[in-house]
Amino acid sequence: MQKTVVQWGLWALLLWPQHLAASIPLDCRDDQGNLSRCTSISQEKLLDRVIHHAELIYRVSEELSSLFEELFIPFPFRLQSNQAAYSCITKALPIPSSKSEVQQISDKWLLHSVLMLVQSWIEPLVYLQMTMERYDHAPDMLLNKTKWVSEKLSSLEQGVVVLIKKMLDENTLATGYGEQGVVQNDVQPEVLESVMRDYTLLSCFKKDAHKMETFLKLLKCRQTDKYNCA
C-alpha cells in the first residue's frame, strides 16, 4: 500500500509541471473585473482555449481523485463507492445524461449545460480546499492540485460566459446554481464520514468534468462537421 502511494506520488510529481506548462491562460477579467480580455479573441480560438482548459481540469481531477483514494480510502470502501450510484450535487440539474439526449440538444443548451456544471462546482471545490487543509499528513501535492482545479474552474466559467456572448449573442447568464448550499461548514462530521464525503465530491466532480469536456468537444465538432459528430 505505502509503496503504491509513493510510486503514484512520484509519478504525479513528474507530470504536474507539464500541466502548468501546457496550460493556456484563460483569465478573462481585467483590473476592473470586467470580462474584456477574452472579447478580442476570435470565437474559434476562444472555444479552443476553453476546450483545452476543460481537458486539463478533467485530467487533473482524475489524478486528484486517484491520489485521494490511494491515501485515504480503504479498499472495501472503494468498491462500495464504485458500485453505488453517487448522490452527486448536480444530479437535479436539467442536464442530458444519455448519449442520445446529448446528440439531440442544441448548441445553446450545450453551452448552458457546461456553465451550469461549472458554476455548481465552484463553491464545493472551495469547501474541499478548506477541509483538506485540516487533514493530518495531507501531502502538498493533494492540496496544490485541489487549489489549481478550483482556480482553473473559475477561469473556465469566465471563458464560457464570453463564449455564450459571442456564439449566442447573449449577456452574462446567471443561473444561481452555484448557490445551492450543498455544503454545511458549521457541521463537523466524524472523520470517516468527512473523508467519504470528500471522496464522493471528488468522484462526482471527475464525472462532471468529463461531461464539460465532452459537451465542449461536441460543440467544436458541430462547428466544423455538423453531420458527423458522434
Side-chain angles (χ1 to χ4, degrees), residues 24 26 42-66 69 78-125 149 152-180 182 197 199-230:
I24 300 174
L26 191 63
S42 69
Q43 177 180 305
E44 181 180 4
K45 287 185 178 180
L46 180 59
L47 179 55
D48 287 340
R49 289 192 184 186
V50 167
I51 290 173
H52 182 70
H53 234 61
E55 287 174 339
L56 286 176
I57 288 173
Y58 174 56
R59 192 185 313 165
V60 176
S61 74
E62 283 189 302
E63 296 171 6
L64 182 58
S65 181
S66 297
E69 186 178 74
R78 297 181 205 174
L79 294 177
Q80 290 176 19
S81 180
N82 289 334
Q83 291 169 354
Y86 298 132
S87 299
C88 293
I89 61 175
T90 55
K91 187 176 182 180
L93 294 182
I95 292 175
S97 54
S98 68
K99 185 176 180 179
S100 60
E101 289 176 334
V102 173
Q103 293 293 334
Q104 293 174 14
I105 64 175
S106 64
D107 292 354
K108 176 179 179 177
W109 196 241
L110 275 177
L111 276 172
H112 284 194
S113 295
V114 172
L115 187 58
M116 279 191 286
L117 287 171
V118 170
Q119 291 179 334
S120 295
W121 278 107
I122 289 176
E123 181 184 335
L125 285 181
V149 169
K152 294 302 176 186
L153 195 67
S154 294
S155 296
L156 181 61
E157 179 193 23
Q158 298 170 19
V160 173
V161 166
V162 177
L163 201 57
I164 286 175
K165 174 67 176 176
K166 283 180 174 290
M167 296 186 69
L168 308 178
D169 195 26
E170 294 183 6
N171 292 322
T172 302
L173 179 69
T175 64
Y177 284 106
E179 301 177 356
Q180 299 179 85
V182 294
R197 185 174 64 184
Y199 180 45
T200 299
L201 276 174
L202 283 171
S203 300
C204 289
F205 176 68
K206 179 178 70 173
K207 183 173 68 172
D208 283 345
H210 186 250
K211 283 185 182 179
M212 298 174 205
E213 178 189 356
T214 300
F215 289 177
L216 289 167
K217 286 184 174 179
L218 176 58
L219 182 65
K220 172 70 174 179
C221 179
R222 288 179 178 180
Q223 307 301 307
T224 55
D225 192 6
K226 183 176 181 180
Y227 300 103
N228 291 293
C229 297

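Positions are given from 1, in the same order as the sequence printed here.
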To check you understand the geometry: which heavy-atom pair defines the closest contact between [X] and [Y], and what is its length?
| X | Y | result |
| --- | --- | --- |
| Gln43 | Leu163 | O-CD1, 4.0 Å |
| Ile105 | Pro96 | CD1-CG, 3.5 Å |
| Ile164 | Leu111 | CG1-CB, 4.0 Å |
| Trp109 | Pro94 | CZ2-O, 3.2 Å |

> Hey, is Glu213 close enough to Lys217 for a salt bridge, meaning N to O under 4.0 Å?
Replying inline: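 Answer for the salt bridge query: yes.
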What's the separation between atom [atom1] in [X] and atom [atom2] in [Y], rounded to the nearest 0.5 Å?
| X | Y | atom1 | atom2 | answer |
| --- | --- | --- | --- | --- |
| Leu201 | Leu125 | CG | CG | 8.0 Å |
| His112 | Met116 | NE2 | CE | 8.5 Å |
| Phe205 | Leu117 | CZ | CG | 10.0 Å |
| Leu153 | Ile57 | CG | CD1 | 5.0 Å |
| Cys204 | Ile89 | SG | CD1 | 7.5 Å |
| Cys88 | Lys206 | SG | NZ | 11.0 Å |

pair [X]-[Y]: side-chain heavy atoms closer than 4.5 Å:
| X | Y | value |
| --- | --- | --- |
| Val102 | Lys99 | no |
| Met212 | Leu156 | yes |
| Lys152 | Val60 | no |
| Gln103 | Leu218 | yes |
| Lys45 | Ser42 | yes |

Any sub-3.5 Å donor-acceptor pair from [X]'s side-chain atoms to [Y]'s backbone N or O?
| X | Y | result |
| --- | --- | --- |
| Ser65 | Ser61 | no |
| Glu101 | Ser98 | yes |
| Ser66 | Glu63 | no |

> Could you walk me through whether Lys207 and Thr90 pass the side chain to side chain contact (heavy atoms under 4.5 Å, CB included) check?
Replying inline: CA-CA 10 Å; Lys207 183 173 68 172; Thr90 55; over 6 Å; no
> For Glu44, does the CD atom sit with more than 12 other heavy atoms under 6.0 Å from it, leaving out its own atoms?
Replying inline: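 12 or below, so no.
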> For the residue pair Tyr58 and His210, does the interplanar ring angle fall in the parallel (under 30°), tilted (30 to 60°) or perpendicular (over 60°) class?
Replying inline: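 It falls in the tilted class, 30° to 60°.
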> With distance as the sole criterion, is a donor-acceptor pair present between the side chains of Gln119 and Glu157 under 3.5 Å?
Replying inline: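 Present: a donor and an acceptor within the cut-off.
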> What do the steps show when you test Leu47 against Lys166 for side chain to side chain contact (heavy atoms under 4.5 Å, CB included), and what is the final call?
Replying inline: CA-CA 10 Å; Leu47 179 55; Lys166 283 180 174 290; over 6 Å; no
> Yes or no on side chain to side chain contact (heavy atoms under 4.5 Å, CB included) for Leu216 and Glu55, after CA distance, side-chain angles and deciding distance?
Replying inline: CA-CA 10 Å; Leu216 289 167; Glu55 287 174 339; over 6 Å; no
